[in-house]
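Naming convention: chains lettered A, B, ... in sequence-line order (proteins, then strands); numbering from 1 in each chain.
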Amino acid sequence: MKVFSSRTLKRCAVGVCAALSFAAHAQEENVLNVYNWSDYIAEDTLKNFEKETGIKVRYDNFDNNEIVHAKLVAGKTGYDIVVPSSYWAKIQADGGLLMKLDKSKIPNLKNLDPDFQAALAKLDPGNQFMVNWLWGYTTVGINVDKVKAALGNMPMPENAWDLVFKPEYVSKLKSCGVSFLDSATEVVPAALHYLGKPAYSKNVSDYAQVPALLKSVRPSVTLFSSSGYINDLANGSICVSLGWSGDINIARQRAIDGKTGQNIQALLPKTGGVVFMDVMVIPADAPHPNNAHKFINYILRPEVHASLTNKVFYANPNKESKKFVKPEVASNPTVFVSEAEMKKMAMPDSINNDIRRQMTRIYTSFKTGL
Amino acid sequence: MSPQAVLTQLRNSKLLSGRSAVIGVPYVWLLVFFLLPFLIVLKISVSEMETVHFKDLLTYKDGLLQLTLKFSNYEFIAEDPLYFKVYLASLKYAAATTLFCLLIGYPFSYFMARAKPSIQPALLMMVMLPFWTSFLLRVYAWKGLLGENGWVANLLEWLHVDHLLLALGVIPALGKFMNSPFSLVLGMTYTYLPFMILPLYANLAKMDLRLLEAAADLGATPWTAFWKVTVPLSKAGIIAGSMLVFIPCVGEFVIPELLGGPETLMIGRVLWDEFFSNNDWPMASSVAVVMILLIIVPLAIFNKYQAEAQEARS
């Protein structure tokens, strides 16, 4: 809303202020502030939206959920759309930090896959707050040739997680570079999942074995990174990473486009990856909620949602978009995962503050040795 | 009372005199920007946090006024050795940075203060000039300079400095300078050097050079005169410069994030984790309070000791 001019103020004084401010609210300023993950959008997504609606989009990036959450808790972020992962959005929704969606303003919700909506409803009953942007999973990505060379006469492990969690393998890969995501809530759930426990377990005793597992591979980890590792994979300076499925596929594409000669591959571990769903939500104090609804509706158009997947190699929940997805992306088994593979994956679940503290402490010990 | 009399009385009262108004500015500043925020932090540190909100300290229910203070955070800081170790590590890196700043900054400012008066403003300008570039950019530049095939890294390797650094245990491997205690202290020294040079220069520039002539007349060599006259006289500058470097270095966050390695955990990062990873603002505030106390109390004692020593001398 624009600052009232002095004339407006005078009118307010004679008592029509309420009506005026209501009118001003109905005609939102043509601005939309979006806060999203880095490397997570197509080149023309915002341009087309701006051209069509005349709404100017300000687009900011982050590379971890923690910072988004802290900003929302502090309040008055100025953002109209933020895209946290669903298990964080749940904490935010429970804490009253998010606005309920007005579904009448988002007719394109009909395009969403009902099965997917049902899965999301586990954390967001009735799908009241969250609309999926894209989804993917934490997994292992490799530089095929370098990993084979580093392993020598050792065969590839049956379970791809062994490459990052089993000392026999990861110690050999140290020579060509091993990266881990730099966040407690990514690494610890993956480790729990590897140990056969629920990835977001609320049972403190499940965490007992995690520090020893992580400690055993720590000497071999050469990089902690949640965004820079894409380029490092693409140019060959690391050969294996505990990373996000789409990022690894982006690295693969960058290696092909840049002709670096590196053959990058995302792997589907035998025991499955750890799924994350990044969701569009509207902060409770968003200054432009109408524009935010328009934006969500725009993203849910089949061709727009497909263009995101085409660019960043993360699957979308939009069943109508399949025909717009490029064949080479649609056929990539690590993007749109088969149902059989999907069953093995760990699904997102809620976490509480005690579990977060537990995860952070384990991760700090892992990373720094303290 | 006549209006005239009231005015005179007002003029005479200390409250409204120009002098106390001027002296009051720093007090108001400290009150508003140091004491009040500190009290807010202190308040948060003893309150309880439900998922995303703080509970009120004072509650009034059924005619019962209740004050709830939660001290478990402070207990936790004492229990988990992480906080103490990280605090010591922060002091260590800050002390190393201060030492290097002093070793480089002292000769630097000495040279500046004894240079021809006509070129002194130009020299001073050259110390200040880096401030015109963003601090973040200057720190980031070191990533390139010290990274693989960065020319500083290549130069150090060519000079075989990396063998020495590895022997000292401040880099992880030969030829790898980035993300190590070495790159961290180098970055902090580079960034904070002007804060050492400026107070030292101000101090050395106004030194009475006739004292050195007197020392020479009494048979002191330039070396002796430097240690017996110049250094003791510049003590105030050394202390001021060291504090300006040391205190911000202890809580530094950006430089360790960009240039430090996984093992160079400093208190700034622990605070970040408490705020962001754990979303535990009370705990983060407790760490901040403990840190302030651990820095301010020794400094206050030191200051008092200094003042007493000064008084005893005069």
Side-chain angles (χ1 to χ4, degrees), chain A residues 62-75 88 90-98 174-175 177 179-180 182-188 218-219 221-225 228 232 235 237 283-284 350-370, chain B residues 44 48-55 72-73 76-77 79-90 92 140 143 147-149 172-173 176 178-181 184 253 256-258 260-284 286-287:
Chain A
F62 55 84
D63 78 349
N64 60 64
N65 274 306
E66 285 82 353
I67 201 146
V68 182
H69 187 76
K71 283 197 182 191
L72 288 172
V73 169
W88 288 83
K90 179 178 169 49
I91 308 174
Q92 291 146 14
D94 290 347
L97 300 176
L98 304 181
K174 186 190 178 183
S175 57
S179 87
F180 268 52
D182 193 6
S183 156
T185 47
E186 302 296 340
V187 172
V188 177
R218 176 64 184 89
V221 179
T222 56
L223 175 74
F224 289 92
S225 161
D232 290 331
N235 66 29
S237 61
S350 61
I351 52 173
N352 57 38
N353 276 355
D354 290 342
I355 294 300
R356 280 173 70 180
R357 172 165 290 283
Q358 182 94 352
M359 286 184 177
T360 310
R361 189 64 186 90
I362 289 172
Y363 185 74
T364 306
S365 308
F366 163 53
K367 195 174 161 186
T368 65
L370 286 174
Chain B
I44 295 176
E48 199 158 352
M49 189 152 178
E50 291 167 325
T51 41
V52 299
H53 301 286
F54 308 116
K55 280 189 192 159
S72 61
N73 291 328
F76 191 79
I77 293 176
E79 269 166 30
D80 192 334
L82 171 80
Y83 300 96
F84 185 66
K85 283 183 184 163
V86 171
Y87 181 71
L88 281 189
S90 304
K92 184 178 81 184
Y140 214 91
K143 276 178 103 100
E148 260 172 78
N149 295 322
K176 286 206 188 299
M178 261 307 290
N179 300 115
S180 65
L184 170 66
F253 174 72
E257 274 304 283
L258 290 174
E263 73 281 3
T264 59
L265 185 66
M266 286 177 66
I267 205 84
R269 174 70 205 195
V270 169
L271 274 175
W272 195 97
D273 275 338
E274 293 298 346
F275 266 113
F276 293 92
S277 301
N278 296 343
N279 191 36
D280 191 341
W281 293 31
M283 188 69 194
S286 310
V287 175

Problem - Side chain / backbone / both / neither for Tyr83(B) at chain A, heavy atoms under 4.5 Å - result: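 It is the side chain, since no backbone atom gets that close.
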Margin query: Heavy-atom pairs under 4.5 Å with chain A - which of Leu265(B), Val86(B), Asn179(B), Asn279(B) has more of them than the others?
Written below: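 Of Leu265(B), Val86(B), Asn179(B), Asn279(B), Asn279(B) has the most heavy-atom pairs under 4.5 Å with chain A.
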Heavy atoms from other residues, nucleotides or ligands near [atom1] of [X] exceed 12 (cutoff 6.0 Å):
| X | atom1 | answer |
| --- | --- | --- |
| Lys174(A) | NZ | no |
| Lys367(A) | NZ | yes |
| Phe253(B) | CZ | yes |

Check your understanding: side-chain contact (heavy atoms from CB on, under 4.5 Å) with Thr264(B): which residues, sequence neighbours excluded?
Key ->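 Residues passing side-chain contact (heavy atoms from CB on, under 4.5 Å) with Thr264(B): Tyr93(B), Pro181(B), Leu184(B).
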If you measure from [atom1] on [X] to [atom2] on [Y], what distance do you get to the nearest 0.5 Å?
| X | Y | atom1 | atom2 | result |
| --- | --- | --- | --- | --- |
| Met266(B) | Thr368(A) | CE | OG1 | 13.5 Å |
| Met283(B) | Asn353(A) | CE | CG | 13.0 Å |
| Ile355(A) | Asn278(B) | CD1 | CG | 12.0 Å |

| said: With a 4.0 Å cut-off on N to O distance, would you call Arg357(A) and Glu274(B) a salt bridge? | reply: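 Glu274(B) and Arg357(A): salt-bridged.
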**Message:** Assess whether a salt bridge exists between Arg361(A) and Asp273(B), defined as any Lys/Arg side-chain N lying under 4.0 Å from an Asp/Glu carboxylate O.
**Reply:**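 Here Arg361(A) does not pair with Asp273(B) in a salt bridge, since their nearest N and O are not under 4.0 Å apart.
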Would you mind reporting whether [Y] and [X] have side-chain heavy atoms less than 4.5 Å apart?
| X | Y | value |
| --- | --- | --- |
| Glu66(A) | Trp272(B) | yes |
| Met359(A) | Ser277(B) | no |
| Thr364(A) | Leu82(B) | yes |

Need one label for Leu97(A): side chain, backbone, both or neither, based on atoms under 4.5 Å from any heavy atom in chain B.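 The answer is the side chain of Leu97(A).
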### Query
How would you list, by chain and number, every residue that makes a ring-ring contact (aromatic ring centres under 6.0 Å, His included) with Tyr363(A), sequence neighbours excluded?
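By the ring-ring contact (aromatic ring centres under 6.0 Å, His included) rule, Tyr363(A) matches Phe366(A).
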_Evaluate Phe276(B) against Asn64(A) for side-chain contact (heavy atoms from CB on, under 4.5 Å), listing each step before the verdict._
CA-CA 10 Å; Phe276(B) 293 92; Asn64(A) 60 64; 5.9 Å; no
